[in-house]
Amino acid sequence: MTNFFDSQIVQEGLDEIKELQNEVYGKMSKLSNFSHDEKVNHIEKLEILLEKQRLMFTRLSLSDDPEAVTMKNHMQKTVGLMGFPEGTDMNILFSLMQETIDVLKKEVDQ
């Protein structure tokens with residue numbers, strides 16, 4: 001059995017997620033001061049981050065590597081920290097996050 005996290009694709013995906021998270025979350029408090037173009041760019045990055053997170057969760061779900069299973073379980077447990085009931089399907093969470101991004105897009109375009 002190969003180690004899930006030894007895969008170059010997985011490592012690149014995790015690196016991209018970490019980089020995007022640092023950039024997006026680091027600027028959240030300044031969002032109200034952004035220009036229109038900066039807001040659009042920020043929302044686009046949020047959407048890219050969400051898609052990369054969704055893809056990584058899918059990869060984790062398809063793996064039987066023990067470390068991947070542990071990470072997937074950890075992700076599922078963090079849903080409760082966001083106010084969702086324990087056991088909430090991650091796809092529901094991802095869909096709700098996409099809806100929030102769609103609302104942000106509409107607000108910026110007004």
Side-chain angles (χ1 to χ4, degrees):
M1 175 172 50
T2 61
N3 186 331
F4 179 80
F5 294 101
D6 287 343
S7 164
Q8 183 178 352
I9 292 172
V10 170
Q11 280 301 312
E12 288 172 359
L14 290 171
D15 290 344
E16 290 171 354
I17 288 170
K18 183 178 179 182
E19 184 179 314
L20 281 166
Q21 284 176 333
N22 288 338
E23 183 176 351
V24 166
Y25 298 142
K27 295 180 179 180
M28 288 295 255
S29 63
K30 302 172 189 172
L31 190 58
S32 62
N33 297 327
F34 282 6
S35 70
H36 177 269
D37 290 342
E38 290 171 323
K39 287 178 183 177
V40 168
N41 186 18
H42 187 79
I43 292 168
E44 286 173 355
K45 286 182 181 177
L46 272 173
E47 199 160 33
I48 292 167
L49 173 59
L50 176 59
E51 186 55 35
K52 290 187 180 297
Q53 289 171 328
R54 186 180 299 198
L55 179 60
M56 184 58 64
F57 186 78
T58 300
R59 285 187 174 127
L60 290 166
S61 297
L62 294 172
S63 176
D64 59 356
D65 180 279
E67 290 182 40
V69 172
T70 298
M71 184 177 209
K72 176 187 168 208
N73 291 339
H74 176 72
M75 287 178 73
Q76 288 174 313
K77 288 179 183 175
T78 61
V79 172
L81 298 174
M82 292 184 253
F84 292 92
E86 187 176 325
T88 299
D89 185 313
M90 288 295 290
N91 291 312
I92 292 172
L93 175 68
F94 291 137
S95 293
L96 292 172
M97 292 171 86
Q98 183 63 56
E99 287 177 22
T100 301
I101 290 171
D102 292 343
V103 168
L104 289 172
K105 285 179 178 179
K106 288 178 184 174
E107 288 178 4
V108 167
D109 287 341
Q110 291 180 354

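All values derive from a computational prediction rather than experimental measurement.
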Return yes if some donor-acceptor pair links the side-chain N/O of Asn41 with the main-chain N/O of Asp37 below 3.5 Å, else return no. no
Does some side-chain heavy atom of Lys72 sit less than 4.5 Å from a side-chain heavy atom of Met90? no
Is there a side chain to side chain contact (heavy atoms under 4.5 Å, CB included) between Asp15 and Glu12? Walk through the geometry before answering. CA-CA 5 Å; Asp15 290 344; Glu12 288 172 359; 5.6 Å; no
What distance separates Phe4 CZ from Leu62 CG, expressed to the nearest 0.5 Å? 8.5 Å
Same cluster or not: are Tyr25 and Leu20 linked, directly or through other Ile, Leu, Val, Met, Phe, Trp or Tyr residues, by side-chain heavy atoms under 4.5 angstrom apart? yes
Test item: Ser35 side-chain N/O and Glu38 main-chain N/O as donor-acceptor pair under 3.5 Å: yes
Is the backbone N or O of Phe94 less than 3.5 Å from a side-chain atom of Arg54, with the two atoms forming a donor-acceptor pair by type? yes
So do the side chains of Thr70 and His74 get within less than 4.5 Å of each other, counting heavy atoms only? no
Hey, could you give me the CG/CD distance between Leu46 and Gln21, rounded to the nearest 0.5 Å? 11.0 Å
Should we say atom NZ of Lys39 is surrounded by more than 12 heavy atoms from elsewhere, each under 6.0 Å from it? yes
Under a 3.5 Å distance rule, please check whether Thr88 uses its side chain to pair with a backbone N or O of Pro85 as donor and acceptor. yes
Under a 4.5 Å side-chain heavy-atom rule over Ile, Leu, Val, Met, Phe, Trp and Tyr, are Phe57 and Ile92 clustered together? yes
Would you say His36 and Asp109 make side-chain contact, with heavy atoms under 4.5 Å? yes
Give me the atom names and distance for the closest heavy-atom approach of Glu67 to Asn3. OE2-ND2, 3.8 Å
Hey, could you give me the CG/CG distance between Leu50 and Leu93, rounded to the nearest 0.5 Å? 8.5 Å
Got a second to check how far Glu51's CD is from Leu49's CG, nearest 0.5 Å? 10.5 Å
Taking atom CD of Glu86 as the centre, report whether more than 12 heavy atoms of other residues, nucleotides or ligands fall under 6.0 Å from it. no
Do Val79 and Leu96 belong to the same hydrophobic cluster, where Ile, Leu, Val, Met, Phe, Trp and Tyr are linked whenever their side-chain heavy atoms lie under 4.5 Å apart, directly or via other members? yes
Tell me whether Met97 shares a hydrophobic cluster with Val103, the cluster being built from Ile, Leu, Val, Met, Phe, Trp, Tyr side chains joined at under 4.5 Å. no
Are Met28 and Ile17 connected, step by step, through hydrophobic side chains (Ile, Leu, Val, Met, Phe, Trp, Tyr) whose heavy atoms are closer than 4.5 Å? yes
Roughly how far, to the nearest 0.5 Å, is the CG atom of Leu14 from the CD1 atom of Ile9? 12.0 Å
Any side-chain heavy atom of Val108 sitting closer than 4.5 Å to one from Lys105? no
Side-chain donor/acceptor of Glu47 to backbone N/O of Gln98, under 3.5 Å: no
Rounding to 0.5 Å, atoms CG (Asp65) and OG (Ser7) come to a distance of 11.0 Å
